[in-house]
Enquirer: 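One structure, as structure tokens, below. Some questions next.
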Amino acid sequence: MKRITLIILALGTLANAQNTPIKKDSSNVVLDEVLVIAAKKNKIETAMKMAVSVDEFLASSDNISFIKRGAYAWEPLLNNMSTERSTVTIDGMHIFGACTDKMDPVTSYVESNNLSDIDVKSGQEGSMHGATVAGSIDLKRKSTAFALGQTWNGAYQSGFEFNNNQFFNLGNVSYSSDKLVADGSISYRKAKNYTDGNTDEVEHSQYEKFNTSLGIAYKTTNLSSVRVDAIFDKAEDVGYPALPMDLSLSRALITSVTYKQFFEDKLIKVWDTKVYFNTIEHYMDDTTRPENLVHMDMPGWSTTYGLLSKVNLKKENYSSEIQINAYDNLSIAEMRMYPQDRSETTMFAYSWPWVTTRYAGLSISNSWDISEKSQLNFGGTLGLNYNYSKYIEFNWIFHPGASQEKTRFLPNLYASYQFNASGFESSIGGGYGHRAPSVSEGYGYYIYNSFDRYDYIGDPDLENEISYEANASAGFKNKKGSIKAQVNYFYIQNYIIGRILSQGSPMNYQSVGVKGYTSLDHATLFNFSMHANYSILNNLHWKGTLTYARGLDENKNNLPFIRPLSYQTSLHYSYQKIGFRTSFNGDLKQIDYSPEYGEDETPSYTNWNISADYTFYIKNYKTVFQIGAENVFNEYYSTYADWGNIPRMGRNIFTSLKIDL
Amino acid sequence: MKRLHFFVIVIFVVVSSCTVEKTDYEAELSTETTEYIEYENVTSITSGDYTVNLEALNGTLYKGYNEIHLSIINTVTSESLQDAEVTFLPIFTDANGNTSSCPHAYNLEYDATEDYYSGFAVFTSESDTTVSWQLYINFQVDTQSYAINQTITVEEQTNMNLNMTAFTGSDNEHYFIALVSPQSPGVAENNLVAGIYKYNQPTEAEGTFPDLSQYSYSAVQDYTLLLDPRMPEASMGNHSSPNNEDLIMESDSLYHGVVNYTMTGNWTLNFILQNAEGETLKGTEVSTEFTPGIEGAKSDLYIDILF
Ligand SMILES: [Cu+2]
């Protein structure tokens, strides 16, 4: 089984168990939830840094890598597959970025201080929230549970990073009582351009982000509660050095109302229903790039309504979750080009011609404890996906007569068997699933990809991508440490990728040609990771990770954005109130690159990072001060997934201070 | 609690109202072009007991292709004249008093269901103070002939999608290409319709005016109009579109093809006119290179449009 939660394994099992058991007194259940959540709360931090962005945090996960277009809003790749192939949700809610150039992955609309943890599931096990191939990333918001008495909690974090003059302030507070709970957070980050390993400034790499969230829960009866949540996120003046445009404004409002009903002594343990609404507006700006030949306006909008309802069942050694998931999304993206003689008429087209996506799915996931040592997990989803392109005439230019409406049937299935005995753990599993093309793959119109410098055209009649997946893991654990190896293999039929079209000519002046999204007969992906940790002394811990992946198309050519052999090793030493960490991480040379998709060979690199922290008390408030440096050698490098080979950040000294109130 | 609610509502309102308004696409398409679908009266001329009503789109005759409807009413009986022989000849008089005509349908066809006579004229220039257009309409009722001679006004064509061009082909014949449809194209596959006509050069000297043999035009038969649409704007770098189809003649004597416009704005329709034998009469092949910043060279034969 390849369930990789980013919380510690033990905590993960505890959290899972907490969903189902019912105590005599419901407030106990709730209290237990508090404990779990409280324990998770500090987990949005990496081994190196306690004040991290969501991206930096996700980067510490084994099977997540990133495409980086700058310092902000990295696109997470799960199992070396881009966001079209994974589902990224916030508490199970679907949100779709409003940028045709992928400047705004869903992860860019949250902040580390409104999340409690991030649940990453690999492959078909991630299909509970919607059809997927790569898996799912679910961002879990903080949600304080009801308490017996009135309690206030809070934290304030501030810091400065010297390389890009990033200054950040994060604050969150929660109130909890018998009947009412409120969680609030507010954060502000502002960064200037960063400098690379040659101490050259990387222009257009600045950003500014404001995020605030509020959640209010009210206990309606002893066994039920209603919760209202909202996140507001605003990014302004964000530079994307790898792209020909920047961002002037991106705003998101993410709201939901949740009703939760617990049941006592019944087969059904919890019924959890949520309705949600989110809306994103995204405005790109190229006035910051006077060298551009053509001035363009490229606004985008994405609005989603959804429903999520699930019940948890448990009987003896069998537990199950049944979920209904439905959403409706409208994605719109426009482009307007201005001629050099501004008195002439502007040129207009939709890059997303008002594309509606509706999805409804019924999922079930089951867990059966066959014995003390073995467990069988299995489940599946039956989904119906509907697309509608309002201005289908745009799509007809390249695909005359393509369907304006398209309904797809998306089944997803998985099963895995886990066996644990005296410290040994192993698992084996498989999956089968379909996914529908994304809005860009299906309906995109002249979307400029600055990586391979082609304009991309979607095809509404693309076949479903079908994934056959096998995975296995083996590990050993004792008091001193653990070691675990995981592999997975995907055989993906109708793999969707851009292929050069012989017809049409570029629209964007930087472009060299037109590519159409087409289906390869198949592609294969192999991922391997090995993870080990060892306590050398009571207060000296070592951790190491090794990952390798290979992706091939039908002609055994390399797929793009496949991470070369990479490693990470870190030591953590603590002495009384002082903690000290050091880590090395890097990628080997990218030999298996894909020139066909615009890649070139990326040399190897190594980063050395160090940090130290000191814990003290200001009037009984626990305070941690941390100082550290990333890329201590000030190495000049860019990774295989850096869009346009933009150099990464050079030496960066960071400081942060956190007070728990 | 109340304050929080208020806060949430305020945020909601602020955010759900977009900072930048979405483009109204339908309005966007009609800023540069107006589509006329209604036939309205241009002029009414009375001759004896008969009144001739001339109708055209928007009640106006424009430079370029004009479809015309003629109804002939007996003013005494108020009945319309059905299935008569009606001829139609537009005559142009230039500043020096020389006369010429333009591609037109000489014998108008009677449409029984609509009860009018239909035809067309491709006016080659606008009326102004020095030049004028006159219509010569003849029809016969029993043995009585009626001849009408009426000055009309040809207005400037404001819709570039109905532009026309006139030229001399390599065979020394005079040709006319006039766009008929679409009046208001979209970012889409558009059915492109054009009329292609030729001046039938007279073999004999002019007789009594108006001598029809001097003013004879006909739609060319089985020619091909090769099409290569491109955006003339320099920054668009000679951008073109896929899946276009050359224009070939259909049963309505007009030439039909397909043009794809990938975005709104200025487009140049580059043409090559070939006769039934496949010989090029006019037009040159244009570069297919994408040249950002440099305007692509147009064909010798082209029509500019804008939408
Ligand atoms: Cu964008």
Side-chain angles (χ1 to χ4, degrees), chain A residues 180 182 184 212 214 216 228 230 232 234 249 251-253 255 277 279 281 283 293-295 297 299 301 303 332 334-341 344-350 353-354 390-394 396-400 445-446 501-514, chain B residues 1 4-5 7-23 25-26 28-29 31-32 160 185-190 230-245 258-267 288-296 306-307:
Chain A
L180 185 75
T212 181
L214 183 68
I216 297 164
V228 180
F232 174 72
K234 181 175 161 185
L249 173 71
R251 285 203 301 185
L253 178 69
T255 60
F277 164 76
T279 180
E281 52 175 346
Y283 307 115
L293 185 64
V294 183
H295 167 54
D297 282 339
W301 299 270
T303 306
I332 304 167
E334 300 180 351
M335 55 181 159
R336 185 181 293 279
M337 296 189 185
Y338 292 82
Q340 262 138 9
D341 175 1
E344 295 274 334
T345 353
T346 58
M347 295 160 271
F348 175 84
Y350 284 113
W354 287 61
K390 185 176 176 191
Y391 298 109
I392 187 74
E393 59 262 40
F394 283 78
W396 282 343
I397 289 175
F398 279 87
H399 299 283
Y445 184 72
Y446 283 105
L501 289 180
S502 53
Q503 52 175 2
S505 74
M507 181 178 281
N508 292 285
Y509 81 92
Q510 300 102 319
S511 181
V512 294
V514 184
Chain B
M1 231 0 228
L4 285 174
H5 271 216
F7 180 65
V8 170
I9 288 164
V10 165
I11 284 188
F12 190 85
V13 169
V14 166
V15 174
S16 21
S17 58
C18 293
T19 313
V20 174
E21 282 304 312
K22 296 183 188 83
T23 299
Y25 180 59
E26 283 76 16
E28 179 78 21
L29 287 183
T31 46
E32 297 295 338
M160 289 177 69
V187 179
E189 258 184 317
N190 296 275
R230 300 203 169 253
M231 292 191 91
E233 164 68 28
S235 61
M236 294 309 296
N238 202 33
H239 172 71
S240 184
S241 61
N243 294 325
N244 301 300
E245 286 171 27
V258 172
V259 62
N260 283 279
Y261 297 125
T262 58
M263 64 196 315
T264 68
N266 283 295
W267 284 81
T288 54
E289 291 295 303
F290 181 58
T291 52
I294 303 160
E295 194 177 323
L306 170 68
F307 77 104

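Just so you know, these numbers come straight off a predicted model, no measurement behind them. Note on naming: letters A, B, ... go to the chains in the order of the sequence lines (proteins, then strands), and numbering restarts at 1 for each one.
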Enquirer: Which one, A:Leu293, A:Val294, A:Ile332, leads in non-hydrogen pairs under 4.5 Å with chain B?
Expert: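 Ranked by heavy-atom pairs under 4.5 Å with chain B, first place is A:Leu293.
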Enquirer: Against chain B, label A:Glu344 side chain, backbone, both or neither, depending on which of its atoms sit under 4.5 Å from a heavy atom there.
Expert: side chain
Enquirer: Name the region of A:Tyr283, side chain, backbone, both or neither, that has any atom closer than 4.5 Å to a heavy atom of chain B.
Expert: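 Side chain of A:Tyr283 only, per the 4.5 Å heavy-atom cut-off to chain B.
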Enquirer: How many angstroms lie between CD1 in A:Ile397 and CD in B:Glu189, if you round to the nearest 0.5 Å?
Expert: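 If we round to the nearest 0.5 Å, A:Ile397:CD1 and B:Glu189:CD are 8.0 Å apart.
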Enquirer: Do A:Phe232 and A:Arg251 have side chains that approach each other closer than 4.5 Å (heavy atoms only, starting at C-beta)?
Expert: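 The answer is yes; the side chains approach within 4.5 Å.
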Enquirer: In this structure, is the centre-to-centre distance between the rings of A:Tyr391 and A:Tyr445 below 6.0 Å?
Expert: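 No: the rings miss the under 6.0 Å criterion.
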Enquirer: Could you tell me which of A:Trp396, A:Trp354, A:Tyr446 has the largest number of non-hydrogen atom pairs under 4.5 Å with chain B?
Expert: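 Most heavy-atom pairs within the cutoff with chain B belong to A:Tyr446.
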Enquirer: Would B:Ser235 and B:Glu233 count as having a side-chain donor-acceptor pair, cut-off 3.5 Å?
Expert: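 On atom types as modelled, these side chains qualify, holding a pair under 3.5 Å.
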Enquirer: Heavy-atom distances under 4.5 Å only: say whether A:Leu501 touches chain B with side chain, backbone, both or neither.
Expert: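 The answer is neither part of A:Leu501.
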Enquirer: Check whether A:Glu334 gets within reach of chain B through its side chain, its backbone, both or neither, counting any heavy atom under 4.5 Å.
Expert: side chain
Enquirer: What part of A:Ile392 gets within 4.5 angstrom of chain B, counting heavy atoms only: side chain, backbone, both, or neither?
Expert: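 It is neither, since no heavy atom gets under 4.5 Å.
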Enquirer: Which region of A:Asp297, side chain (C-beta onward) or backbone (N, CA, C, O), has a non-hydrogen atom less than 4.5 Å from a non-hydrogen atom of chain B, or is it both or neither?
Expert: neither
Enquirer: Tell me which of these, A:Pro299, A:Pro400, A:Pro353, A:Ala349, has more heavy-atom pairs under 4.5 Å with chain B than the rest.
Expert: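 Going by pairs under 4.5 Å, I would pick A:Pro400.
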